[in-house]
Amino acid sequence: MKNETLEENKVSLQQFAEEVRKGLSAHPKYLPSRYFYDAVGDALFQQIMNMPEYYLTRSEFHVLSGQKEAIARAWAHSSFDLIELGAGDGYKTKVLLRHFLDKQMDFRYLPIDISANVLQILEQSLQEELPELRMLTIEDEYFQALSHLSNYSERPKLILFMGSNIGNFTPEEATDFMGQLSASMRQGDGLLIGFDLKKSPHQILAAYNDAGGITRNFNLNLLKRINRELGGDFALDQFEHFPIYDPELGAAKSYLVSKQEQEVYIEALDEAFAFERAESIYTEISQKFSLQDIKTMAERHGFEVKGQFFDEQRWFVDSLWIK
Ligand code: AVI
């Protein structure tokens, strides 16, 4: 078992190295944002969710607390499997779980995540707070887990994909992801999906450029991780965090910009990467959406929009789609 884990780690380290090579050799340079989330990145993201500027988590929490009854009514099933993609710490999901339990609905909660650590922490906290909850954690890739599930459960599925995680895909990746997700669902299954809505560009930009510099550290942690795991020699003080927001595209993008001409060597790749002064690495997209964008996406993938659930300020929406 231990060897298997070591083998898996080696494979994913190799994949990480290859993706870094590809991104740093490209013009313009980029790095995939999913590598933000090592243990340090997870802890920094936890801090981000508590920052005054980062309204997303609070807004979605307000959606769920204010609209839980309406959501349950629109879903309209009392016996189902509740599946969550990328559950995190469960802070927001607990609102729904508690409500469904109070209403004595007959459901199992199945959070899917590739991190055993995340699932273990979640399971422990749910066992303490909601001991009556029936739950089965699934450590796997999303689509692999969903295809297994369809084989042994006949009950309708309600899939949760919250937090505006869909926004961290490029529009092409989002189309690909939604296509796969739709293909893994049966007629009548539901998807409750969170979208951060287009709003004042100042407000959006501030969420990715906080005064305390936590998002800066989150972004720079990507270079720190390359140093630590791949033997890189990035000088962190030689790169600056630079977020932008394009209100036309609804795209918040983050970059790391080289302060000077420099070379960075990465041992695992035995390769040096040259940076010109002011050359950028594109590290993340956080796409924002209009209600029309959401409707178009749903219809394109064969869903009917059954309900749109907002917070009071209408900054965030959890949208219920039925296949
Ligand atoms: C996880 N995801 C929805 C966050 C976002 O808002 O795009 C990640 C994040 N990046 C910087 N701050 C937060």
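Remember, it's a predicted structure, so these values are computed and weren't measured experimentally. As the structure lists them, so they are numbered: ligands from 1, and atoms in each ligand from 1.
Of all the atoms in ligand 1, the ones that sit under 4.0 Å from a non-hydrogen atom of Gly163 are 3 (C).
In this structure, of Phe36, Tyr37, Tyr208, Tyr54, the residue bringing a heavy atom nearest to atom 4 (C) of ligand 1 is Tyr54.
In the hydrophobic clustering, Tyr255 connects to Tyr30, Phe242, Ile244, Val257, Tyr282, Ile285, either directly or through intervening members, whenever side-chain heavy atoms lie under 4.5 Å apart.
In terms of protein heavy-atom proximity, atom 2 (N) of ligand 1 is closest to Asn168 OD1, 2.8 Å. Looking from atom 9 (C) of ligand 1 to the surrounding protein, the closest heavy atom is Glu284 OE2, 3.6 Å.
Classification of the Tyr55-Trp315 ring pair by plane angle, with boundaries at 30° and 60°, yields perpendicular.
Here the options are Asp140, Leu181, Leu110, the test is side chain to side chain contact (heavy atoms under 4.5 Å, CB included), and the partner is Leu146; only Leu181 passes.
Of the N or O atoms in Ser286, one or more lie within a sub-3.5 Å distance of an N or O in ligand 1.
The closest approach between a heavy atom of Gly167 and any atom of ligand 1 is not below 4.0 Å.
Nearest heavy atoms, Asp293 versus Lys288: OD2-O, 4.3 Å.
Under a hydrophobic-cluster definition in which Ile, Leu, Val, Met, Phe, Trp and Tyr are linked whenever side-chain heavy atoms come within less than 4.5 Å, directly or via other members, Leu13 and Leu24 are assigned to the same cluster.
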